[in-house]
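Chain naming here is simple, since letters A, B, ... match the order of the sequence lines and numbering starts at 1 in each.
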Amino acid sequence: MVRLIAFLVGLGFVVVAGWSLGNGVYAFATQPREESVEHQFHLQPEHASYSFDGPFGTYDRQQLQRGFQVYKEVCAACHGLSYVAFRNLEEIGYGEAEVKAIANQWQIEVPDIDPKTGEASTRKATPADHFPSPYPNEVAARAANNNALPPDLSLITKARHGGASYVHSLLLGYRDPATYRNKEGEPVPTEVRPGQGLHFNPYFANLNIAMPPPIQSDGQVTYADGTAATRDQMAKDVSAFLTWTAEPRLENRHRAGLATLIFLLFATVLSYLAYQNVWHSAKRKVRASGPLDPVNLAKSHEASREAGIQQ
Amino acid sequence: MSFPWAEPYQPKNGLTRWIDQRLPLPRLVYGAIGGGYPVPRNLNYFWNFGVLAGVALTIQIVTGIILAMHYVPYGGQAFQSVEHIMRDVNQGWLLRYAHANGASFFFIVTYIHIFRGLYYGSYKAPRELVWMLGLVILLLMMATAFMGYVLPWGQMSFWGAKVITGLFGAIPFVGEPVQQWLLGGFAPDQPTLNRFFSLHYLLPFVIAGVIVLHIWALHIPGSGNPTGVDVKSAQDTVPFHPYYTAKDGFGLGVFLILFALVTFFAPNYLGHADNYIPANPLSTPAHIVPEWYFWPFYAILRAFTVDFILPAKLWGVIAMFAAILLLFFLPWIDRSPVRSGNYRPRFRQFFWILMLDLLVLGYVGGKPAEEPFVMISQLATIYYFAHFLIILPIVSAVERTLPLPNSISESVLHGEDKEAAPADLGGMRPAAAE
């Protein structure tokens, strides 16, 4: 009975799913497929290699400081870094006094309350503060940016597929839509070219990004450590910095991971030996006695066969 | 737990005797996982996964309780509190990554545990209730995992909650009120987050309770084994401790190595980038996908695209729930008296097609709902239902099974290790098959 009901229910699902399939196949065969413009022109980020790649990866403190400088001089005007505190900068090699100075001189002040009147005011940042947002609220941010909202960058490398490589590719990925050709050599259709206040960038999901090209020319930032500030260098440094802001515990994770693995490998080898040891004696013991012992069973079967007895 | 060959508990010293006479707890442990539980001696490594699932649940509960000490179930702060855990809580990153990936590993070992049951016929008499309690655990796990994924209140959390609770909206007449009742509003919001947190904390302990029943029910007939032949004498068994505790110890080591590899070196590989964007009810992500362990069911849900008497969406919802619920009837659908797939050549072929089918369903479930993925998901959905509801009843009725060994001990004769493995994975075929 159960099997009959099961059979009928199964037949029902097969018929209904088959009906969907049939319709799908018919539509697939008869209707012309339209490939979206995004699909035709969107590019995957180009892989860039960093010091923090791989299981032994660590951050390059010099690079993070350079990246911080790019963030401070180029990105910070529009993009917040709200999950990071000034004190965290000590982790990338700044001294206590330097961090204090960076916080104190930060271009945006921290919202506060006037201690005398209770009115809203601002004060200079301290190392304990998180990076203040460049805009008081979302409406202000949109009003200042042609109705686009500059995302907070703290987690950007974890919040986008491709991570640091994506940020790197995007920063350098601006193209002229009039002359750009994709891999098939097709030009960008006029109707999808960026409108007022938008910029063509094939690494961006919908091709047209509101952010104007932030990294314009070599030497836009003068690095404190004397590294030549090429466009590629700046894009790479800031994506490394943003990887740190998104995953500040990466080095602890890699170190702890290696220690854990070494311990686990050792423990697993030991437990394998213990397992073999326990079972080795078991096999001998079990086979040494009883009519159902495999050796005795084999003998009795052999004897029956010789005597011509069917089992 | 009354096997004639089970070793009775003998208190070793005065203290344990004193305790045992007042509270027979040592006796219970000895009979459940100690020397007092005789287990077939031919189990292969697929029998490690039950213990591994128990370990995975323990990891989830321990890391989860500590995470709950730092997490804030409030819409405006949930996302921030998770970042606080990642940055400022001592070893918080480890707790959170272990908890997030622990869920994935819990599902990996549970799915392998279920596939083992499917192949070796562990659902058959007298273990039907073990199987059904296991399915209850699976459903509870799914609910727990889904609600846990909502808690970080990222974009996928929010939109996942919206899509999944939206499924209940497909039920005719009462759908919409039910959906609002589940969410505590018209869209996922503060009440949703609060109740999901509450239930996410509660359900793992319910799972632990059902696991007790699962093991209790298992210990009445005792564990199955790769031949599917009943234990006939003490000769066929070894005590759980030390034989299977030793073997499980090794299995646990391998499991933890794989778990550590992902948790420490690719902690976000199994997740979705969009969940690092705070929830925004005004911005829909391009592709809303659940976590990977739901992909096969998500594919079945989306395979129904055309109305057929009922609306397509309702068919999808019915099919998705039916895909799991039909497993409750498996012991009565598959009536073959032979348990192990090693002795069922026809069944075995379809079993491997099913495994392939589930992989395909999982693959298309993670892809956007566009062609050709939808057509592939429809084909795979058809096979899924056909396998369990049409093919299995027929196969179990017409199949010529291979002769079974007389006893576990006898099967051990021709190669203990090889005999135990599934016949298509390097295991030796039964002697009589040649």
[X] versus chain B, the contacting section by heavy-atom distance below 4.5 Å:
| X | answer |
| --- | --- |
| A:Leu250 | neither |
| A:Pro248 | side chain |
| A:Val269 | neither |
| A:Leu273 | neither |
| A:Asp152 | neither |
| A:Arg255 | neither |
| A:Ala267 | neither |

Contact summary for A:Ser271 and B:Gly249, nearest pair of heavy atoms
OG-O, 3.7 Å

Can you tell me how far the OH atom of B:Tyr276 sits from the NZ atom of A:Lys158, to the nearest 0.5 Å?
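Those atoms lie 3.5 Å apart.
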
Which one of A:Ala85, A:Ser154, A:Pro55, A:Pro151 has the most heavy-atom pairs closer than 4.5 Å to chain B?
A:Pro55

Hey, can you tell me if A:Trp279 and B:Tyr243 have their rings parallel, tilted or perpendicular (30° and 60° cut-offs)?
perpendicular

Parallel, tilted or perpendicular: ring planes of B:Phe385 versus A:Phe13, cut at 30 and 60 degrees:
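B:Phe385 vs A:Phe13 ring planes: parallel.
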
Select one option (side chain, backbone, both, neither) describing which atoms of [X] are under 4.5 Å from chain A's heavy atoms.
| X | result |
| --- | --- |
| B:Leu94 | neither |
| B:Trp332 | both |
| B:Thr245 | neither |
| B:His387 | neither |

Among B:Val374, B:Ile382, B:Thr381, B:Thr305, the one residue meeting side-chain contact (heavy atoms from CB on, under 4.5 Å) with A:Ser20:
B:Thr305

Using a 3.5 Å distance criterion without hydrogens, assess whether the side chain of B:Arg87 forms a donor-acceptor pair with backbone atoms of A:Thr245.
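Yes, B:Arg87 side chain to A:Thr245 backbone: donor-acceptor pair under 3.5 Å.
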
Would you say that B:Leu389 contacts A:Phe7 through its side chain, given a criterion of any heavy-atom pair below 4.5 Å between the two side chains?
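No; the side chains remain at least 4.5 Å from each other.
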
